[in-house]
Visitor: 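One structure follows; several queries about it will come next.
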Amino acid sequence: MSHGRGPGRFMMESAKKTRSTKQLLGRLWVYLGKFWPWVLFSGLLILVSTLGQIISPLIISQGLDAAVATASPDIEFLTTLFVIFLALSLFVWVANAFNTFILARVKANMLHDVRKDVFNHLVKADMSYHKKEQSGNITSRVTSDTDELTTGLTVFTQVSSQLLLTVGTFILLVMTTWIIAGIALLAIPFAYFLARFLGGYGRRIMYQTRKSYGEVSGQMAESLAGVSIAKSFNREEWASSILYDLNMKTYGYYKQLGALFNFLFPAVSVVSMVLVSFTLIVGGWLPANAISFGEIYLGTILVERFLRPILHLSMFYPQLQSSLAAMDRVTDVLEQVPNVKTKHDATKISLEDTSVKFDNVAYEYVKDTPVLENVSFTVKQGEKIAIVGHTGAGKTTLAALITRFYDPTNGNIFIGNQNLKDVTLNSLQRSIGLIPQEPYLFADTVLENIRYGNPEISDGELYELCKLIGADDFIDALPNGYDTVLQESGKGLSSGQRQIITIARTMLADPKILVLDEATSRLDAYSESLVQLAQQALFKGRTTFVIAHRLTTIRDVDRIAVFEKGILVELGTHEELLAKDGVYSELYYTYYRHQGIEELKDVRKAPDSSVISSSSSIMPESGSPMMHGHANMSTEDRTLMKERFENMSPEERKKLREKFHP
């Protein structure tokens with residue numbers, strides 16, 4: 001089943017070639033090696049515990065021979081053996097308990113370090129990485145994949161213990177009777193077959209299982225984020241079908257994993273029973289003086305104990321493969337090399353000259369598919385320039401290049417006389433303020449969301465800034481004012497309120513260059529008017545790029561750059577571009593002019609009494625063309641429109657009356 005966007009894009013991905021076991025263990029040791037004293041001590045405890053498990057059957061064997069060999073056994077000798085056995089068992093238990101405590105401490109510290117490094121790599125990764133990865137898949141690598149590594153550490157210690165037990169048991173078998181030792185050797189070809197089989201097939205299944213789990217997490221996060229869209233288009237079943245397909249894919253991998261386990265356990269159990277039975281038969285065939293009753297018991301127990309580690313290894317091996325697969329996915333992040341990075345000889349940016357120059361800039365997300373081509377123009381220091389064009393013209397890409405989220409495929413960008421590639425990323429991005437179309441707010445108080453722009457600022461300075469841009473009115477109206485805890489992404493606030501908080505945050509950072517990426521395109525008229533008041537304070541004295549679809553956003557800029565299919569086709573003032581009768585003129589008469597507010601400039605001054613008294617004559621009549629279609633306008637909107645008319649200059653009012661009352 002294909003749904004366009006959905007599982008199909010995952011199913012079409014080619015299977016990734018996994019790294020070798022040596023590479024993955026080397027990467028794991030980078031973290032585990034930090035705690036090598038504790039790891040060494042844990043190894044010693046495992047060794048002591050294993051020796052105790054090997055010696056225990058020998059003590060019982062000695063006791064059986066002492067009890068059966070004579071009619072009157074030596075009670076004192078048997079009592080001594082019992083005390084030794086009890087003390088040894090207690091010692092093994094204490095060693096295992098202490099080892100568990102040490103491993104828990106090592107795992108917690110290792111998990112902390114791995115997650116910290118993975119998260120730091122993700123934060124520092126450039127935008128191209130985040131664009132191609134699902135957020136849920138990335139989250140899975142930070143959480144479940146890193147958690148799987150600690151399971152792998154537990155399994156690794158158990159595997160080490162079982163290997164020591166296997167070797168020690170075989171040595172004791174050889175010392176006891178070579179015949180039974182030879183029987184135990186029959187298990188080695190079986191163990192070799194399991195290792196070869198699981199080494200290839202098992203790891204691939206584990207990797208695909210971990211990968212598909214991340215895909216399910218990613219799709220679930222995406223579906224829940226867009227649940228309102230799914231409901232509005234009545235596409236809930238479609239969204240469920242996408243997740244169903246991915247779940248079935250994951251189920252297929254888990255089914256293969258289950259089949260693997262179902263093969264291993266019965267196979268090892270059958271071999272174990274066959275070898276133990278063969279040991280008893282051989283012991284019965286041997287002459288009475290060739291092997292004692294205790295040695296037969298010891299041989300049977302040791303053969304079973306020789307096979308038990310193989311059973312455990314077969315059980316742990318898939319889990320170990322799962323941990324290696326998780327390490328493989330984590331390594332994908334740790335070895336991710338950013339395309340955009342600071343050069344070793346880069347210097348801090350100088351902001352004496354904040355003019356921005358584009359020199360023959362081109363960019364392509366996909367090879368041989370340019371998004372921008374041969375873009376060359378200069379924005380003077382303190383100048384405000386609007387970037388306009390049809391959807392897909394390359395406006396947002398231009399903004400991303402200014403902030404150096406990406407580097408140009410060709411050409412260079414300069415601030416002053418400094419190439420962006422020659423300055424440090426930290427100093428560059430501290431100097432540029434980006435206000436996106438969708439403002440993002442953290443699940444924290446309003447105060448801390450604003451302070452995010454400058455953690456060092458005092459509360460008093462923050463309050464003054466909010467008062468300056470008119471944000472304090474709605475913030476004070478919140479349940480707890482500035483201490484109101486916002487929900488994720490600022491749910492509960494209007495789009496305008498979220499954008500104003502974003503502007504306040506940006507102003508605290510005091511950037512010298514601003515980039516507004518369609519910051520008011522989704523706002524209603526009232527919210528837009530509030531945001532524009534804040535923007536006027538924000539723009540002052542700063543080199544500003546405004547990407548916009550609304551005339552209200554671009555009407556006060558110094559120049560306008562017009563893009564079409566990634567090419568800068570026109571550059572000039574509003575009047576100059578209209579006179580050219582080119583692309584901008586077409587955009588203006590298609591989109592901007594019909595927004596009906598090209599003459600409504602916010603002349604925010606107190607109107608004189610004559611203006612107030614004549615407001616009724618200024619307002620259009622109910623049957624006029626301007627009021628046509630607005631009969632259902634709310635009282636608040638009517639009041640707002642009236643205030644705008646009252647704030648117009650006499651010349652503007654005259655022009656408007658002539659337009660609607662010819």
Side-chain angles (χ1 to χ4, degrees), residues 18-19 21-50 52-53 91-125 135-165 203 206-207 209-211 213-214 216-218 221 257 312-313 315-336 442-444:
T18 57
R19 297 170 179 85
T21 301
K22 182 180 178 181
Q23 288 176 302
L24 296 175
L25 290 178
R27 171 66 71 175
L28 187 60
W29 181 251
V30 170
Y31 295 98
L32 200 56
K34 299 176 184 178
F35 313 103
W36 69 266
W38 291 104
V39 174
L40 180 60
F41 189 38
S42 174
L44 291 174
L45 290 175
I46 290 173
L47 180 60
V48 169
S49 174
T50 302
Q53 295 179 61
F91 181 75
V92 169
W93 179 81
V94 171
N96 286 334
F98 199 48
N99 185 48
T100 301
F101 170 76
I102 291 174
L103 285 178
R105 179 175 178 176
V106 171
K107 286 191 294 184
N109 283 282
M110 187 185 77
L111 182 63
H112 170 268
D113 288 350
V114 175
R115 282 184 173 168
K116 180 181 70 175
D117 283 358
V118 172
F119 184 76
N120 287 342
H121 272 75
L122 289 172
V123 170
K124 294 176 182 178
S135 57
N137 200 0
I138 292 175
T139 303
S140 175
R141 299 192 187 207
V142 179
T143 54
S144 62
D145 283 342
T146 54
D147 193 51
E148 187 69 22
L149 296 180
T150 61
T151 303
L153 179 58
T154 301
V155 170
F156 180 74
T157 57
Q158 291 172 335
V159 167
S160 302
S161 173
Q162 297 305 315
L163 285 173
L164 286 173
L165 185 60
R203 183 182 304 168
M206 286 295 179
Y207 181 86
T209 301
R210 301 300 310 172
K211 184 171 178 288
Y213 179 81
V216 170
S217 299
L257 193 61
H312 286 167
L313 288 173
M315 177 178 66
F316 294 144
Y317 202 80
Q319 293 177 326
L320 188 60
Q321 292 297 322
S322 179
S323 297
L324 290 175
M327 187 75 248
D328 208 358
R329 282 168 49 82
V330 168
T331 304
D332 286 342
V333 177
L334 297 177
E335 292 184 351
Q336 177 70 28
F442 300 96
D444 204 340

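Owing to the predicted nature of the structure, the values given are computational and were not obtained by experimental measurement. Nothing fancy with the numbering, it's 1 onward along the sequence.
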Visitor: Starting at OG1 of T100, measure out to NZ of K107 and round the result to the nearest 0.5 Å.
Guide: 8.5 Å
Visitor: Please check if atom CH2 in W29 has more than 12 non-hydrogen atoms from other residues, nucleotides or ligands closer than 6.0 Å.
Guide: yes
Visitor: Between Y31 and N109, do the side chains contain an N or O donor and an N or O acceptor separated by less than 3.5 Å?
Guide: no
Visitor: If you look at every heavy atom in L32 and M110, which pair is closest and at what distance?
Guide: CD1-SD, 3.9 Å
Visitor: State whether the side chain of N99 and the backbone N or O of A95 hold a donor-acceptor pair below 3.5 Å, judged by distance alone.
Guide: no
Visitor: Is the shortest side-chain heavy-atom distance between R27 and D328 below 4.5 Å?
Guide: no
Visitor: Taking everything shown except F101 itself, do over 12 heavy atoms lie less than 6.0 Å from its CZ?
Guide: no
Visitor: Does V114 reach the side chain of V118, with side-chain heavy atoms less than 4.5 Å apart?
Guide: yes
Visitor: Roughly how far apart are R329 CZ and T146 OG1, rounded to 0.5 Å?
Guide: 11.0 Å
Visitor: Nearest 0.5 Å, please: how far is CG in L334 from CE in M327?
Guide: 5.5 Å
Visitor: Please check this pair: side chain of H121 against backbone of V333, looking for a donor-acceptor N/O pair closer than 3.5 Å.
Guide: no
Visitor: Is the backbone of V92 close enough, under 3.5 Å, to the side chain of N96 for a donor and an acceptor to pair up by distance?
Guide: yes
Visitor: Between atom CG of D113 and atom NZ of K34, what is the distance when rounded to the nearest 0.5 Å?
Guide: 4.0 Å
Visitor: Would you find a donor on one side and an acceptor on the other, under 3.5 Å apart, between the side chain of S49 and the backbone of L45?
Guide: no
Visitor: Can you check whether I46's main-chain N or O pairs, donor with acceptor, with T50's side chain at less than 3.5 Å?
Guide: yes
Visitor: How far does CG of L164 sit from CD of Q53, to the nearest 0.5 angstrom?
Guide: 10.0 Å
Visitor: Around F119, counting heavy atoms of other residues, nucleotides and ligands shown, do more than 12 lie under 6.0 Å from its CZ?
Guide: no
Visitor: So do the side chains of I102 and V39 get within less than 4.5 Å of each other, counting heavy atoms only?
Guide: no
Visitor: Quick check for you: to the nearest 0.5 Å, what is the distance between L103 atom CG and S42 atom OG?
Guide: 4.0 Å
